[in-house]
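As structure tokens, the structure follows; a few thoughts come after it.
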Protein chains: 4
Amino acid sequence: MTGKTNKSIERKQEILRVAQKLFNIKGFQETSINDIMKTVGAAKGVFYYYFETKDQVLDTLVEQNINEIVDGMVQVVSNPDLNATQKLKYMLREEFRVSTSRNDFNNHLHNIKNVDMHQRIMVSMVEKIAPIFSQVVKQGVLEGTFKTEYPLEVCEIVIAGVHFISDLGIFHLSREQYIKRIKASEEIIEKALGVEEGSFNFLSEMLKETPDRIMDAKAIKEHYDEI
Amino acid sequence: MTGKTNKSIERKQEILRVAQKLFNIKGFQETSINDIMKTVGAAKGVFYYYFETKDQVLDTLVEQNINEIVDGMVQVVSNPDLNATQKLKYMLREEFRVSTSRNDFNNHLHNIKNVDMHQRIMVSMVEKIAPIFSQVVKQGVLEGTFKTEYPLEVCEIVIAGVHFISDLGIFHLSREQYIKRIKASEEIIEKALGVEEGSFNFLSEMLKETPDRIMDAKAIKEHYDEI
Amino acid sequence: MTGKTNKSIERKQEILRVAQKLFNIKGFQETSINDIMKTVGAAKGVFYYYFETKDQVLDTLVEQNINEIVDGMVQVVSNPDLNATQKLKYMLREEFRVSTSRNDFNNHLHNIKNVDMHQRIMVSMVEKIAPIFSQVVKQGVLEGTFKTEYPLEVCEIVIAGVHFISDLGIFHLSREQYIKRIKASEEIIEKALGVEEGSFNFLSEMLKETPDRIMDAKAIKEHYDEI
Amino acid sequence: MTGKTNKSIERKQEILRVAQKLFNIKGFQETSINDIMKTVGAAKGVFYYYFETKDQVLDTLVEQNINEIVDGMVQVVSNPDLNATQKLKYMLREEFRVSTSRNDFNNHLHNIKNVDMHQRIMVSMVEKIAPIFSQVVKQGVLEGTFKTEYPLEVCEIVIAGVHFISDLGIFHLSREQYIKRIKASEEIIEKALGVEEGSFNFLSEMLKETPDRIMDAKAIKEHYDEI
DNA sequence: CATGAATGAGTCTTCATTCAT
DNA sequence: GATGAATGAAGACTCATTCAT
């Protein structure tokens, strides 16, 4: 009775993996537990051994996704050798990386059908990620590099706005539109923090390394339509 | 003769009214057509005489809500006697008014359960309201009062961010938290447009006239729990 | 009170016309009275002024269709100047003509979805057309040109068999298959009546004048799929 | 382990049994899944555990019925020791036996209301049974006992015609009428194959052993009316 | 730990028919 | 004669969840 066997944990992860995949493809509401367990290849009852409700799967999934981001960030934030700007740049880079990778076919968390999951992630972003960012912003204010009266709330607004707007599961953007939105994001971040224009243009720089298939909503849509 | 009787139009509006109310209380998914028509006090078939699907009701509702806002704005925007700042102030004031009135009990469009409607409204906001704002912003840029390289995209981000963050159906905020978020919104708007600090503080001023029951998420929640 | 106005009869015929058209395209079950009256361009209530039930329309339609064939035949049958072979040839020719015209796009009575109507026509065929044919066959037996012990029953079987088999609404035949089935029909008719081989080959001769679009099930199917 | 439990298979068969019974009594369209499952004595959901749609039940039923006939026939057909006439006689006898047994109360597949099932069986007959018959006919042609230019098509027509005409679910025949139609069938089969008159009179011979309750439509009708 | 059969309330939707105006 | 709004029973189908084995 060590609590959970290895096999047991794997089983649970397998269910989560399959659930996430199906939620992305068909949406949460449209995915039945039957669908999940058939894909997993186990009996329906197994599901209820690992989870209590279908909703719990969604919660777990969202939490896992958020934690992945959070975990990476806290390390940076707690590093005493970095100044605010350095930390922020690292964090934004990281988030952007995760964000775009999410648009990738095999991990496309933001399908348009998937309103439920989407909203929960947005909420988690605001509630869990924004405070981390605001901590760094506060540090920057103290260091004299950033300037804002409402660090937390500004982070919340910017994070919510930027994420919603650049979600290729919601908006079917062309590459050009997408780039423009990212550049506007840079502009807003710079202005919100009161830093020099162009300081955060590394985001749009990163886009250049991003393959089309991740950034072009049409390509993504067509991919899913094929399935 | 005119195609639709007065009585008929009223009936349709009555259904819409009831539907909106129930969607707010129970959420879209959780509201059945049965629920709606029982409340209306008519046979289920009547629903399908006026609408083709449950989804159509949602669409109509969202459209009506957005149009209400749009209609008010276009008049202001097309007024040649106003400068960009004047227009923007008017529009923000108006939007804020509609927005908070929406939080009112009898017209509480943004219940947390109501993910579907919520998301559609957010999308409509970005797609329909942002372009109107950006038009005014462009005017301001020409007039030399505003400064931004991406008028449309900046409007999109700010609108999305501010709306999401200040939605009392999603976040259960205390009065203080709410005020802070509104103030941060002001800060961001000012910075995004490159205007002087404090130029748009009329928003938080308006809050002072807003009764608690609309602004305090706890009060709202308790109200619904009573039902 | 002359019973029925001219306008009234026209109205009724219009409804029947539209009903037949829609039954052919969508099938009887799938066509609602709403569909019919919307196409007619009159209020739903009008329908019930002219018919008592939806079923009555089907009955009327089948009867009209059968009567059209019957009327043409009785004239020939009662003509004392013709011998049995002459009569039969004429009748077959006529029936074949009506039959193929039915496969035509605008009068395609035998859509595959239209099981109900189809069966009723088959039954009517056996009950109303077979007796007429058998009368002629009996004449032929007396004249010594035909030979069979069960004139009525043989007519019933042949009519049922030939019609079912050559119904392009049921079977999706290629032109070749269709021709073969018609030729086999000739063979059976000749044998059943005990006449010389080739005596009734005029049926397949008639095919040569029939355009593909009527005879090729694929063309017909594609036509309907476009709608 | 084997995929399906014994009990599970039984359940499925039970549903099929009940469905067939109800379809016969009330017709396919008029039988609801509720009806079926209430009779089975299980929850509605059980139905959908075993079948995907109501239509699938019909398909399964038709297939089962046809296969029963086909299975018996292929054995005879593939027997190299029998000549065509022997095979044909055996097959006809067999089919007649199944056909009349179907008219029996407990297995009355052809109720007049049951247009859908009826048509599907007719189509299956033509598509699955006719080819088997035609194979034997071809053998007979080679052996010099039969004579026809279109073996397959002739089989199709005769099968369709004879079945339709002798279906007591469609036509309410008296015993005399029924016998006449069977005798006419014999005549047509003999003529179609070009064999000596009287060669296939064993069919009407078989009738003599058939009890009235199966052959007399009135008796059958009365039986159902009692229910 | 696993199975998979069973549950049954609940969903949206359809439509022939009626009837007051 | 005509209108078209209203009826409401009935239909097929879904699915999260339970539980005996």
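Just so you know, these numbers use all the heavy atoms, side chains as well, and skip hydrogens, waters and symmetry mates. Chain identifiers are assigned alphabetically (A, B, ...) following the order of the sequence lines, protein sequences preceding nucleic acid strands; residue numbering begins at 1 within each chain.
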Under the ring-ring contact (aromatic ring centres under 6.0 Å, His included) test, residues paired with A:Phe47 that sit two or more places apart
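Checked A:Phe47 against ring-ring contact (aromatic ring centres under 6.0 Å, His included); matches are A:Phe51.
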Would you mind telling me which residue lines up with the more 5' stretch of DNA chain F, B:Tyr50 or A:Ile33, judged by nearest nucleotide?
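Final value for this comparison: B:Tyr50.
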I need the minimum non-hydrogen distance between [X] and [Y], along with the two atoms involved.
X        : Y        : answer
D:Leu58  : D:Asp116 : CD2-CB, 4.1 Å
D:Met37  : D:Ala43  : CE-O, 3.5 Å
C:Val57  : C:Ala19  : CG1-CB, 3.7 Å
B:Val123 : A:Ile170 : CG2-CG2, 3.6 Å

For B:Lys54 and for C:Tyr48, locate the closest nucleotide of DNA chain E by heavy-atom distance; then report the residue assigned to the nucleotide nearer the 5' terminus.
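With B:Lys54 and C:Tyr48 compared, the 5'-side residue is B:Lys54.
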Taking for each residue the nucleotide of DNA chain E with the nearest heavy atom, is it C:Phe47 or B:Glu52 whose nucleotide lies nearer the 5' end?
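Of the two residues, B:Glu52 wins.
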Please report the distance, rounded to the nearest Å, between [atom1] in [X] and [atom2] in [N].
X       : N      : atom1 : atom2 : result
D:Gln56 : F:dA12 : CD    : C1'   : 14 Å
D:Ile9  : E:dG4  : CD1   : P     : 13 Å
B:Asn34 : E:dT14 : CG    : P     : 15 Å
C:Tyr49 : F:dA2  : OH    : P     : 7 Å
C:Phe28 : E:dA16 : CZ    : P     : 8 Å
A:Asp55 : F:dC15 : CG    : P     : 15 Å
C:Glu30 : E:dT13 : CD    : P     : 18 Å
C:Leu22 : E:dC15 : CG    : C1'   : 15 Å

When you look for runs of 3 or more Watson-Crick or G-U pairs in a row, both distances below 3.5 Å, which of them include DNA chain E?
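So far as stems of 3 or more pairs are concerned, DNA chain E shows E:2-21 with F:2-21.
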Non-neighbouring partners of D:Glu14 that pass salt bridge (Lys or Arg N to Asp or Glu O under 4.0 Å), sequence neighbours left out
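Checked D:Glu14 against salt bridge (Lys or Arg N to Asp or Glu O under 4.0 Å); matches are D:Arg17.
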Would you indicate, yes or no, if E:dC1 has its OP1 or OP2 atom less than 4.0 angstrom from a side-chain nitrogen or oxygen of A:Arg11?
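Answer no for this pair, as no side-chain N or O of A:Arg11 is under 4.0 Å from OP1 or OP2.
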Can you sort out the partners of C:Ser32 under side-chain hydrogen bond (donor to acceptor under 3.5 Å, both in side chains), two or more places apart, ordered by chain and number?
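In terms of side-chain hydrogen bond (donor to acceptor under 3.5 Å, both in side chains), with neighbours along the sequence ignored, C:Ser32 is linked to C:Asp35.
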Taking side chain to side chain contact (heavy atoms under 4.5 Å, CB included) as the test, write out the residues that go with B:Tyr48, two or more places apart.
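Expected list: B:Ile33.
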Base, sugar-phosphate or nothing for C:Phe51? Non-hydrogen atoms, less than 4.0 Å.
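Touches nothing.
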Pull out every residue in residues 35-46 of chain D that has a heavy atom closer than 4.0 Å to any atom of DNA chain F, ordered by number, or say none.
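Residues of residues 35-46 of chain D under 4.0 Å from DNA chain F: D:Lys44, D:Gly45.
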Candidate nucleotides F:dA6, F:dT17, E:dC12, ranked by approach to the side chain of A:Thr53 - the nearest
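Closest of the options to the side chain of A:Thr53: F:dT17.
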Pairs meeting criterion salt bridge (charged side-chain N to carboxylate O under 4.0 Å, His left out) with involvement of residues 52-65 of chain B, two or more places apart
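Qualifying pairs: B:Asp55-B:Arg120, B:Asp59-B:Arg120.
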